[in-house]
Amino acid sequence: MKANSGLKKNRTKIQMVLTALVILSVVRQFFLGNYHNMFLGILTLILFMVPQFLDRKLNVTIPPGLETVILIFIFSAEILGEINAFYVKIPIWDTILHTTNGFLMAAIGFALIDLFNRSDRFSIKMSPYFVAFFAFCFSMTVGVMWEFFEFSMDWFFGMDMQKDWIVPAINSVKLNPTGANVPIHVDVQSLAVNGET
């Protein structure tokens with residue numbers, strides 16, 4: 001019990017530090033007049049409250065270590081990645097976060113199954129193989145849904161969440177001189193947008 005209490009205190013300290021950093025970021029973005037990033041900071045604060053909401057309203061207790069990792073991931077993606085442009089400054093930042101997210105979602109899937117196994121409302125106890133399979137499938141599903149979300153934001157709102165600013169080649173039937181429905185492959189050597197290379 002004391003160890004769990006110590007973890008909760010550490011989680012609270014980490015959460016307080018991250019929350020203070022997000023608030024400072026929101027205030028800074030306000031004074032810079034960057035209201036889009038200010039909104040991202042406010043969204044981050046709302047996401048920080050989700051674990052406590054689940055704990056209070058749905059009586060779902062997220063392990064303190066997992067909650068801390070979730071908060072650090074949200075901070076890394078929104079505040080460091082989007083607002084402070086780590087996605088552009090550090091070329092592998094997106095890969096790091098996607099890899100971390102895969103493990104994080106697998107851990108959340110495992111925690112969900114563990115909650116069901118411990119619950120008195122469910123009489124079925126699941127095998128470790130099923131739990132591992134569910135955690136893997138949960139992680140993959142969340143990853144695919146996130147990619148759908150990024151694509152939708154890019155397509156409908158022009159956000160460039162996929163950070164696809166490097167286009168090595170184009171395959172398009174529009175480039176076929178015969179008008180046939182056969183794509184033509186063109187390697188991109190240089191690109192001019194509005195007259196600028």
Side-chain angles (χ1 to χ4, degrees), residues 8-58 60 62 64-105 107-108 139 141-170 172 174 188-197:
K8 283 188 177 184
K9 283 182 184 178
N10 288 338
R11 176 191 62 191
T12 304
K13 287 177 188 174
I14 292 171
Q15 186 174 9
M16 286 172 49
V17 168
L18 291 176
T19 302
L21 289 172
V22 173
I23 291 170
L24 285 173
S25 179
V26 168
V27 171
R28 179 175 175 261
Q29 295 306 314
F30 174 77
F31 285 114
L32 290 174
N34 194 337
Y35 301 113
H36 175 263
N37 284 348
M38 191 178 94
F39 170 74
L40 285 176
I42 292 169
L43 176 64
T44 302
L45 291 173
I46 292 168
L47 289 173
F48 276 11
M49 292 186 281
V50 169
Q52 291 176 348
F53 174 81
L54 291 174
D55 196 11
R56 290 185 185 143
K57 298 294 181 185
L58 302 176
V60 174
I62 298 173
L66 182 59
E67 185 178 340
T68 301
V69 171
I70 291 169
L71 296 177
I72 291 171
F73 176 80
I74 293 169
F75 182 82
S76 299
E78 295 299 323
I79 303 303
L80 297 178
E82 291 291 340
I83 295 176
N84 292 309
F86 275 34
Y87 286 120
V88 177
K89 294 174 185 173
I90 303 173
I92 62 168
W93 190 253
D94 192 49
T95 304
I96 292 168
L97 289 184
H98 273 76
T99 304
T100 305
N101 186 47
F103 288 111
L104 183 60
M105 290 302 115
I108 290 172
S139 175
T141 302
V142 170
V144 168
M145 296 304 291
W146 181 254
E147 292 301 324
F148 285 158
F149 172 73
E150 282 186 347
F151 175 81
S152 299
M153 294 301 286
D154 291 352
W155 184 262
F156 295 112
F157 301 106
M159 297 293 292
D160 194 28
M161 289 184 74
Q162 293 177 312
K163 308 295 184 255
D164 58 349
W165 37 273
I166 298 175
V167 181
I170 296 173
S172 177
K174 299 272 187 189
V188 175
Q189 302 301 325
S190 65
L191 180 66
V193 177
N194 295 332
E196 288 187 39
T197 301

Do you know which of V17, T19, L18 makes side chain to side chain contact (heavy atoms under 4.5 Å, CB included) with Q15?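 Of V17, T19, L18, side chain to side chain contact (heavy atoms under 4.5 Å, CB included) with Q15 is met by T19 alone.
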Say you draw a straight line from [atom1] of [X] to [atom2] of [Y]; how long is it, rounded to the nearest 0.5 Å?
X    : Y    : atom1 : atom2 : answer
L104 : T100 : CG    : OG1   : 8.0 Å
D154 : F149 : CG    : CZ    : 9.5 Å
I74  : L45  : CD1   : CG    : 10.5 Å
F30  : N37  : CZ    : CG    : 14.5 Å
L47  : L71  : CG    : CG    : 9.5 Å

Minimal non-hydrogen separation, [X] against [Y], with atom names:
X   : Y   : result
I42 : V26 : N-CG2, 3.8 Å
G41 : V22 : O-CG1, 3.4 Å
I83 : Q29 : CG2-NE2, 3.4 Å
L97 : F73 : O-CE1, 3.3 Å

Show, in sequence, the C-alpha distance, side-chain angles and deciding distance for L24 and R28, and conclude whether the side-chain contact (heavy atoms from CB on, under 4.5 Å) test is met. CA-CA 6 Å; L24 285 173; R28 179 175 175 261; over 6 Å; no
S139 side chain to M105 main-chain N or O, any donor-acceptor pair under 3.5 Å?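 Pair absent, no side-chain N/O of S139 close to backbone of M105.
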For S25 and L21, indicate whether the former's side chain and the latter's backbone hold a donor-acceptor pair under 3.5 Å.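 Checking the backbone N and O of L21 against the side chain of S25, no donor-acceptor pair under 3.5 Å is found.
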Before you tell me yes or no, could you show the steps for I108 and I70 under side-chain contact (heavy atoms from CB on, under 4.5 Å), namely the whole-Å CA-CA distance, both residues' side-chain angles and the distance that decides it to 0.1 Å? CA-CA 10 Å; I108 290 172; I70 291 169; 3.8 Å; yes
Derivation of the side-chain contact (heavy atoms from CB on, under 4.5 Å) call for L80 and W93: CA-CA 10 Å; L80 297 178; W93 190 253; 4.0 Å; yes
Quick one: do the E82 and H36 side chains pair a donor with an acceptor below 3.5 Å?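 No, no side-chain donor-acceptor pair sits under 3.5 Å.
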Looking at L32, I'd like to know if its CG atom is crowded, meaning that more than 12 non-hydrogen atoms belonging to other residues, nucleotides or ligands lie closer than 6.0 Å.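 Result for CG/L32: enclosed.
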Quick one: list whatever passes side chain to side chain donor-acceptor pair (under 3.5 Å) with N101, sequence neighbours left out.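 N101 satisfies side chain to side chain donor-acceptor pair (under 3.5 Å) with no residue once adjacent residues are dropped.
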Name the orientation class of the two ring planes belonging to W155 and F151 (parallel below 30°, tilted from 30 to 60°, perpendicular beyond 60°).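 Judged by the thresholds at 30° and 60°, the geometry between W155 and F151 is parallel.
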Walk me through it: do L40 and I79 pass the test side-chain contact (heavy atoms from CB on, under 4.5 Å)? CA-CA 8 Å; L40 285 176; I79 303 303; over 6 Å; no
